[in-house]
Undergrad: 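After the structure tokens below, expect a handful of questions from me.
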Amino acid sequence: MVMIRIVMSALSATVLIRRCVGGASSAFIGQTASNSLPQGRIHTHGGSKRHVTSNKDVMAFISPIQPRSFMSPHPFGAHFSTTRMSMSATTTTQTESSASSLVGIDWVRSSVVSVLNEIFDPVEIAKGAAIAKLDGKKKTKKKKQAQGEQPPVEDEPSMSEDERNAIIDAAAASAKPFSTTDAMITPATKPEFGDYQCNAAMSLAKSAGLNPRDCAAKIVQGLKNVPGFDDIMEEPEIAGPGFINLKFKDGYLADAAGKMAMDSREGGRLAVPVTANKQKIIVDFSSPNIAKEMHVGHLRSTIIGDTLSNLLTFVGHDVLRLNHVGDWGTQFGMLVEHLRDEFPEALDKEKSKNVDLGDLVTLYKAAKKRFDADADFKVRAREGVVKLQAGDKEALAAWESLCAASRLEYQKIYDLLNIKNLNERGESFYNPYLGGVIEDLENQGLAVESEGATAVFLDGYTNRDGSPLPMIVRKSDGGFNYATTDLAAIRHRVQLDPSDGGEKADRVLYVTDAGQSQHFEMVFAAAKKAGFVADSVSLKHVPFGLVQGEDGKKFATRSGDTVKLKDLLDEAVRIAEEDIKSRLENPEESLSDALTEVAKTVGIGAVKYADLSMNRESNYKFSYGRMLSLNGNTAPYMLYAYARICGIVRKATGQSDDAKVQWPEPSAIIISHDAEKQLVRNLVKLPDILSEVESDLYPNRLCDYLFETSQKFNQFYENCSVNNAETPELKASRLSLCTVSASTIRLLMSLLGIPVVEKL
């Protein structure tokens, strides 16, 4: 009993330290751990649905050190001495505004962090948080007893003074300097509150022994000493119990809009700074299967992945776009043997270059029909797989013919969707690395035999009957599967040095169907457990929902077949062409080349924008009517908004309607009306939007911001005459705002992969 009491006391102390250090209740920690779990991936190659029971919520309590990403606004973590931590030089430099770039929420966060580290001692705050947590527990018990409630049964032994001091000392020893998470900066909820809100005082006050308003006053005073802060922000306002409202000065807004105008040329950055923390990022997306046609299911992966790649590249990261095509597997034995009979030239490496395989889908269906009906052909197909994997020259030549023919078809789709710089790296690429993956897993005791196969068992993953859920890495016949390939890909992408052909990526994104979340969750967990992934590397699944018909059911043809992606895109262009024809004086007249190109831009853009404007994790109903509408948050509306601004500038500067618009020289910005101010306030938030999507990976925020920008511009134009402005200086200023607004639309549409048109 004594030993049990000691163990329980130690566990209780550990848990309490955990709660004090984390500054969070058990519910918060459990929820955060659950929400941060990596999710899975779909490749057309499959992967079964599995039930997951995770024990990570439990581990969140037991772990003595809480990761910073899980932390509440208290700066605690490992390896911090009990002496006062000084503010880092990097934090200081981050608070200084750039002479040529915009500042935004990241600058505000850095400013607040520098203040927190200057005026508060993280060690003392850590001790205060621990004491508050311990004393709070006592007060709760006393309050319940005072109200006549039955005191709870003691689950833990009473705490001695030594144990209490040990908890407080442990909290102090594990303190870390404040980080941007602790600044608790959010966009203001209403324009009248300003541009940003700081909630740090509300969280810190109790640990600092202050009331929240006094704590907020200290932070406000510290902000006044941040270099450049008074030039950019109005006097911070303490609201309510201790919130701090932060608002840009009108002078800064005018200056920032002027900087955007100076950098608004096509290809310019609109004064958005390049990231100071450049990373090597791999984005894995699209992933069609060889010898199969791309269908509507590939649309989301392709355009979401492309948009994220575009944005991350613009931000300043080194981005590698990878197309993990399904170019290996048992189906290729069937296809190779079918080619042997129907297209024997395809088995000769030299002659195969001139072989036209025709419709690959028809070829695949014919091979599959033979495989299902002909026993002899089925044997040959299985033997063909062995030959292919053994490197048989004829089998490889036929396989390469299939890959080449498929590649041509995929490229037609990518050209339509304006997808560029996508590097093909299929499953076959990782074949040489599969054996090494198994060997490493076995040497570490992670891969074990299971019913003739080799499997990895991970804590927290069980079948519905409660039995351990295996992740198969080698089948009973010695073949490998998708988990093995994905593990090999992870090693190549993040572990292998570039000098050995690897990538050494800092962050890897997998843009795939949400239905495969558990597959990748387990792959990521196994990779980390095996030491394939350093703690500094991020593996992130970017899941997306389904495309549905307008009836909410599977999006399919009338016969029930999956909709081919090319057919879908062609139909969108056809509808756009018909709409343009209906607006001509002679609707029967053929469209000019220029109008045909406009119809293509509108049709394809409408499909892409409709998808990207939705929360990627949601299912959405596909509707040509809605996506091609000129009303609401659609591509045609945004294209019209851009073309309208071009028309305004042409008229105000005396340019021909048919000429390519010449944007006026940038001018000093004058804010003379509230509509001007609200437009500028919206425009200068561009870095915040880009930073948010860079972190959270939801492209719909770009679309929301685009729509908001167009709305703000409409209000500006309705209230502020451009052509008939009161003074030449005001006219030049408003023309510059037109330029910045149009450039913002053009930039964000380009990140979405949609070109703009100057006349619609």
Side-chain angles (χ1 to χ4, degrees), residues 86-120 177-180 182-202 204-205 208 210 212-240 242-263 271-273 276 668-672 674 676-688 691 733:
S86 62
M87 183 175 62
S88 68
T90 55
T91 302
T92 305
T93 57
Q94 287 174 341
T95 63
E96 298 173 1
S97 62
S98 168
S100 60
S101 299
L102 303 181
V103 300
I105 197 167
D106 291 337
W107 175 81
V108 175
R109 287 189 179 114
S110 294
S111 298
V112 172
V113 168
S114 70
V115 170
L116 295 180
N117 281 308
E118 181 65 28
I119 64 177
F120 295 110
F178 292 91
S179 73
T180 53
D182 308 315
M184 297 191 73
I185 304 296
T186 62
T189 54
K190 294 182 179 179
E192 56 265 32
F193 294 161
D195 295 289
Y196 305 106
Q197 179 175 297
C198 174
N199 301 327
M202 300 294 293
L204 281 172
L210 300 168
R213 287 188 67 89
D214 289 343
C215 186
K218 282 181 170 288
I219 295 173
V220 167
Q221 187 58 44
L223 286 172
K224 295 178 181 179
N225 297 324
V226 172
F229 193 88
D230 284 343
D231 297 329
I232 295 172
M233 309 301 292
E234 299 280 5
E235 175 86 14
E237 177 190 43
I238 300 174
F243 304 113
I244 303 173
N245 292 333
L246 302 168
K247 187 176 185 179
F248 285 129
K249 285 186 172 180
D250 286 358
Y252 168 75
L253 291 175
D255 181 58
K259 290 177 181 177
M260 295 180 79
M262 292 288 290
D263 194 14
V272 175
I669 301 299
I670 301 169
I671 298 178
S672 62
D674 185 62
E676 283 172 314
K677 183 175 181 178
Q678 297 311 319
L679 173 61
V680 172
R681 286 180 73 183
N682 182 77
L683 291 170
V684 302
K685 295 290 179 66
L686 176 60
D688 294 352
S691 177
S733 168

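FYI, side chains are in, hydrogens and waters are out, and symmetry mates aren't considered; it's all heavy atoms of this structure.
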Undergrad: Would you check if Val112 and Ile185 make a side-chain contact, meaning some heavy-atom pair closer than 4.5 Å?
TA: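 Heavy-atom side-chain distance check passes, below 4.5 Å.
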Undergrad: Give a yes or no on whether the backbone of Ile669 and the side-chain of Ser733 come within a donor-acceptor separation of less than 3.5 Å.
TA: no
Undergrad: To the nearest 0.5 Å, what is the distance between CE on Met233 and OG on Ser111?
TA: 8.5 Å
Undergrad: With a 4.0 Å cut-off on N to O distance, would you call Asp106 and Arg109 a salt bridge?
TA: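 Between Arg109 and Asp106 there is a salt bridge, with a charged N closer than 4.0 Å to a carboxylate O.
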Undergrad: If you measure from the Lys or Arg side-chain nitrogens to the Asp or Glu carboxylate oxygens, is any gap between Asp230 and Lys224 under 4.0 Å?
TA: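 A salt bridge is absent here (no side-chain N lies under 4.0 Å from a carboxylate O).
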Undergrad: Any donor-acceptor pair under 3.5 Å linking the side chain of Ser691 with the backbone of Pro687?
TA: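 No.
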Undergrad: Looking only at heavy atoms, what is the nearest atom pair of Cys215 and Leu204, with distance?
TA: SG-CB, 4.0 Å
Undergrad: Would you sort out whether Val220 and Glu237 count as a side-chain contact (heavy atoms from CB on, under 4.5 Å), showing the intermediate values?
TA: CA-CA 8 Å; Val220 167; Glu237 177 190 43; over 6 Å; no
Undergrad: Does Gln221 use its side chain to pair, donor to acceptor, with the backbone of Ala217 at less than 3.5 Å?
TA: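 Such a contact is absent between Gln221 side chain and Ala217 backbone.
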Undergrad: Tell me the closest heavy-atom pair linking Ala201 and Gly242, and the distance in Å.
TA: CB-O, 3.8 Å
Undergrad: Between CZ of Phe243 and CE of Met184, what distance do you get to the nearest 0.5 Å?
TA: 9.0 Å
Undergrad: Starting from the C-alpha separation in whole Å, work towards a yes-or-no answer on salt bridge (Lys or Arg N to Asp or Glu O under 4.0 Å) for Asp231 and Lys249.
TA: CA-CA 8 Å; Asp231 297 329; Lys249 285 186 172 180; 5.6 Å; no
Undergrad: Would you be so kind as to tabulate the donor-acceptor pairs closer than 3.5 Å made by side chains of residues 191-198, with sequence neighbours excluded?
TA:
from, atom 1, to, atom 2, distance (Å)
Asp195, OD1, Arg681, NE, 3.1
Asp195, OD1, Arg681, NH2, 3.2
Asp195, OD1, Lys685, NZ, 3.4
Asp195, OD2, Phe248, N, 2.8
Tyr196, OH, Ile105, N, 3.4
Tyr196, OH, Asp688, OD2, 2.6
Gln197, NE2, Asn199, OD1, 2.8

Undergrad: List the atom of Asp263, the atom of Ala271, and the distance in Å for their closest heavy-atom pair.
TA: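 Looking at all heavy atoms of both residues, the shortest contact is OD2-N, 3.0 Å.
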Undergrad: To the nearest 0.5 angstrom, please state how far the CD atom of Glu235 sits from the CG atom of Asn245.
TA: 12.5 Å
Undergrad: Which atoms form the tightest heavy-atom contact between Leu223 and Pro236, and what is the distance?
TA: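 Closest heavy-atom pair between Leu223 and Pro236: CD1-CG, 4.5 Å.
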Undergrad: Determine whether Phe120 and Ile219 make a side-chain contact, defined as any pair of heavy atoms from C-beta on separated by less than 4.5 Å.
TA: yes
Undergrad: I want to check something: taking the side chain as every heavy atom from C-beta on, are Met260 and Leu686 in contact at a cut-off of under 4.5 Å?
TA: yes
Undergrad: Does Trp107 form a side-chain contact (heavy atoms from CB on, under 4.5 Å) with Leu102? I'd like the steps, not just the answer.
TA: CA-CA 9 Å; Trp107 175 81; Leu102 303 181; over 6 Å; no
Undergrad: In terms of side-chain geometry, is the basic nitrogen of Asp214 or Lys218 positioned less than 4.0 Å from the acidic oxygen of its partner?
TA: no
Undergrad: Could you walk me through whether Asn682 and Gln678 pass the side chain to side chain donor-acceptor pair (under 3.5 Å) test, one step at a time?
TA: CA-CA 6 Å; Asn682 182 77; Gln678 297 311 319; over 6 Å; no
Undergrad: Could you grab the distance from atom OG of Ser114 to atom CD1 of Ile119, nearest 0.5 Å is fine?
TA: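 Those atoms lie 9.5 Å apart.
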Undergrad: Which heavy atom of Val115 sits nearest a heavy atom of Val226, and at what distance?
TA: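 What the structure gives for the nearest pair is CG2-CG2, 3.7 Å.
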Undergrad: Nearest 0.5 Å, what's the CG-CD distance between Leu253 and Glu676?
TA: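 Nearest 0.5 Å value for the CG-CD distance: 12.0 Å.
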Undergrad: What are the two closest non-hydrogen atoms of Ser179 and Val113, and how far apart are they?
TA: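 Looking at all heavy atoms of both residues, the shortest contact is O-CG2, 3.2 Å.
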Undergrad: Mind running side-chain contact (heavy atoms from CB on, under 4.5 Å) on Phe229 and Leu246 for me, showing each step along the way?
TA: CA-CA 11 Å; Phe229 193 88; Leu246 302 168; 4.0 Å; yes
